[in-house]
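Take a look at the structure below.
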Amino acid sequence: MTDTVNMPGADGGDAFVSACTAVGADYIFCSSGSEWAPVWESLARRHRDGIPGPHYLDLTHETVAVGMATGYGLVERRPQAVLLHAAPGLLQGSMAIHGALLAGVPMVVASSESTTYGDGPGQDPGGQWYRNLSVVGGPHHIAQTFTKWSNEAASVHTLPTMITRAAELARRAPAGPAYLNIPLEVLLEEWDGREAKELAPPGSTHSSPEEVDPVAQLIREAANPVIVTETAGREAGGFEALLAFAEAWNIPVVEPDSAVCGNFPRTHPLHAGSDIGPWMDEADLILLVNCRAPFYPPSRRPSKATVVVIDEVPQRPHIVYQVLFADRYLEGNVVNTLRQPTRRATDLDAAAVMSRRTAQEDRHAAERAAAALAETEAAAAEGIDPVLVAATLRTLLAGRDAIVVDETITHSRAVKRHLLTDRRDSYFYVQGGLGQGVAVALGVKLAAADRPVVLTIGDGAFTYNPVIQSYDAARSYDVPVLIVVFNNRVHQSMNLNHRRFYPEGAAAGTGSGWGRTCTGCPGSPPSPSRSACTPRPSTPPTPSAPPSNGPSRP
């Protein structure tokens with residue numbers, strides 16, 4: 001229940017906590033700043049008086065606060081609250097907030113400013129706001145480019161409803177972080193105790209029968225259809241709805257390297273791997289189910305396929321350039337929309353369906369045999385092969401309903417290929433800039449306390465994470481995760497791209513390592529402050545292009 005009683009000393013801090021309680025936030029993830037004393041006092045009064053409210057996590061880095069909120073939201077799919085410090089804290093957390101935007105995770109992020117700088121009535125906000133913390137235009141202008149919605153709560157009287165609005169916007173498709181600038185003077189202002197409205201569940205939307213029937217007929221007439229999906233599994237019930245849809249029509253499912261999460265069982269014979277390439281010339285129908293960027297380069301158009309887009313918000317407003325080549329749209333909640341053509345899987349050409357099912361089963365069996373051979377060779381090789389690591393993890397996690405959070409780059413394909421996750425919410429790929437994986441895994445564990453959580457991460461990505469602060473959070477709040485570091489001892493993505501762009505350049509000829517090796521390695525830029533590391537071979541790996549839809553981070 002929402003606390004609507006104006007307690008003695010009630011102020012904007014109470015308004016904030018009451019609103020967070022009303023919108024269903026289980027946690028307030030906070031990287032502390034001095035402006036949040038009113039919130040802390042409200043939480044202290046609630047604790048003293050036995051009044052329920054969100055759990056408060058005091059975290060020592062902004063990436064940890066936002067990353068844990070992201071991980072929690074990946075599992076729970078409900079907006080949580082994140083408190084950062086003024087504009088500097090917002091900027092520090094901006095990479096992780098942008099990652100939440102790309103992952104489609106709802107949250108309400110808030111930080112603060114001063115509006116009086118000590119020249120107004122009431123309590124003195126402190127000289128640090130005048131000298132150091134404020135930015136021209138306010139922090140909400142900074143947040144506009146990496147959040148779904150950004151605004152200012154300019155009065156304590158509108159603060160509760162502004163939080164409600166932010167949570168509503170964050171939750172609806174495309175889900176993502178909403179930001180509120182809450183000035184310190186608003187937090188210190190007396191609050192009248194007016195009610196903060198509880199959130200109602202979003203309404204259901206789906207395409208009309210008049211739109212679905214022609215698509216069902218297209219599927220019925222297709223000889224070689226394929227489904228491509230990146231984020232169907234992010235929707236509640238999306239994993240199961242896509243599985244039912246694919247099985248009803250016997251259509252192969254491709255999860256490109258850009259997939260945000262597990263969307264379809266990788267052990268299923270209809271799983272067609274991660275490469276859409278073989279289908280570009282062969283498919284006569286491509287069904288893009290929650291797929292933001294299926295083709296790369298974007299101008300690479302399917303040669304003969306009709307393209308049907310099934311998505312609640314097919315044109316993502318936060319994507320700068322997006323090409324779908326759509327011939328038809330089925331717009332609405334993906335679960336409701338998929339159920340309609342699933343029910344229409346009747347009057348099928350049994351011979352045609354059996355033919356494509358058999359062909360896909362043969363492809364799947366060949367892929368599994370190739371993967372098994374790779375594992376056998378990895379087990380016989382010297383050293384620790386990444387394929388063997390992934391296969392061993394699969395064996396250790398079998399039957400334990402585990403969740404894998406992945407922040408690998410050059411090993412991401414091996415991780416997905418050999419871990420073979422096959423359940424809803426069993427795999428998440430960290431989005432945006434490197435350095436969030438540990439915090440995201442901690443947030444996932446917070447939401448799924450009874451499930452093992454494993455973070456697979458590259459050595460470069462691991463060093464980008466705020467490791468000490470993340471470990472502090474894991475210990476303080478009892479959220480243990482297993483971290484497996486895939487260490488190739490080089491910034492391999494940087495290396496490969498350098499050699500791809502300049503295959504016969506100076507670096508290739510001399511074996512130099514600008515941008516790809518640690519300082520002190522042979523051929524690296526000199527640094528008198530560091531000693532040389534163990535020498536590595538100067539001959540680089542054979543350059544290759546990055547995955548067509550894969551991550552481009554180092």
Side-chain angles (χ1 to χ4, degrees), residues 230 253-268 271-278 363-398 402-423 426-431 434 437-438 440-441 452-463 481-497 500 516 540-554:
E230 291 175 323
V253 178
V254 172
E255 287 185 287
D257 289 314
S258 52
V260 170
C261 57
N263 303 286
F264 196 82
R266 298 189 71 89
T267 55
H268 198 287
H271 196 286
S274 61
D275 186 8
I276 193 177
R363 286 190 294 266
H364 188 266
E367 156 58 20
R368 295 317 318 144
L373 177 60
E375 292 175 10
T376 300
E377 293 174 345
E382 293 184 9
I384 302 176
D385 192 287
V387 169
L388 180 61
V389 174
T392 302
L393 269 177
R394 182 187 70 237
T395 301
L396 291 174
L397 299 177
I403 303 175
V404 175
V405 178
D406 188 13
E407 199 178 20
T408 59
I409 300 300
T410 56
H411 294 122
S412 62
R413 286 180 173 176
V415 168
K416 287 182 285 190
R417 186 188 193 199
H418 296 281
L419 274 177
L420 289 177
T421 53
D422 62 357
R423 297 188 181 187
S426 60
Y427 175 86
F428 299 107
Y429 191 80
V430 178
Q431 298 295 295
L434 288 175
V438 182
V440 173
V453 175
V454 178
L455 171 67
T456 53
I457 188 169
D459 56 308
F462 183 77
T463 60
V481 300
L482 172 64
I483 301 174
V484 179
V485 180
F486 286 71
N487 185 5
N488 58 14
R489 294 179 292 181
V490 64
H491 289 306
Q492 183 78 329
S493 180
M494 299 173 184
N495 181 1
L496 293 177
N497 276 286
R500 180 167 65 92
R516 68 178 179 90
T542 302
S544 62
S548 60
N549 276 310
S552 60
R553 302 175 297 173

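Between the Asn263 side chain and the Glu230 main chain, a donor and an acceptor come within less than 3.5 Å of each other. Remark: side-chain polar atoms of Gln431 are not paired, donor with acceptor, to backbone N or O of Val260 under 3.5 angstrom. Using modelled atom types, no side-chain atom of Glu407 and backbone atom of Val405 make a donor-acceptor pair closer than 3.5 Å. The backbone N or O of Leu420 sits nowhere less than 3.5 Å from a side-chain atom of Tyr427 that would complete a donor-acceptor pair.
Among all heavy-atom pairs drawn from Val453 and Ala441, the shortest one is CG1-O, 3.7 Å. His364 and Thr267 make their closest contact through CE1-O, 3.5 Å (heavy atoms, listed as atom of the first residue, atom of the second, distance). Listed here is the closest heavy atom pair of Tyr429 and Ala259: CB-O, 3.9 Å. When all heavy atoms of Leu397 and Ala402 are compared, the closest pair comes out as CD2-CB, 3.8 Å. For Gly458 against Val485, the heavy-atom pair with the smallest separation is C-CG1, 4.1 Å. Across every non-hydrogen atom of Arg423 and Ser426, the tightest pair is O-OG, 2.6 Å.
Around the CG atom of Leu396, the shell of radius 6.0 Å holds more than 12 heavy atoms that belong to other residues, nucleotides or ligands.
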Go through Glu367 and His271 one step at a time and tell me if the side-chain contact (heavy atoms from CB on, under 4.5 Å) criterion holds. CA-CA 10 Å; Glu367 156 58 20; His271 196 286; over 6 Å; no
Please lay out, stage by stage, how His268 and Asp422 fare under the test side-chain contact (heavy atoms from CB on, under 4.5 Å). CA-CA 8 Å; His268 198 287; Asp422 62 357; over 6 Å; no
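Shown here are the side chain to side chain contact (heavy atoms under 4.5 Å, CB included) partners of Pro386, two or more places apart in sequence or in another chain: His411, Phe486. Residues forming a salt bridge (charged side-chain N to carboxylate O under 4.0 Å, His left out) with Arg368 (at least two apart in sequence, or on another chain): none.
We find the CD1-OG1 distance between Ile457 and Thr463 to be 8.5 Å, quoted to the nearest 0.5 Å. Here the CG atom belonging to Asp406 is positioned 8.0 Å from the CG atom belonging to Leu455, to the nearest 0.5 angstrom.
A side-chain contact (heavy atoms from CB on, under 4.5 Å) with Phe462 is found for one member of Ile483, Leu434, Thr408 and no other, namely Ile483.
Residue pairs meeting the side chain to side chain donor-acceptor pair (under 3.5 Å) criterion with at least one member in residues 370-380, sequence neighbours excluded, are Glu375-Arg394, Glu375-His418.
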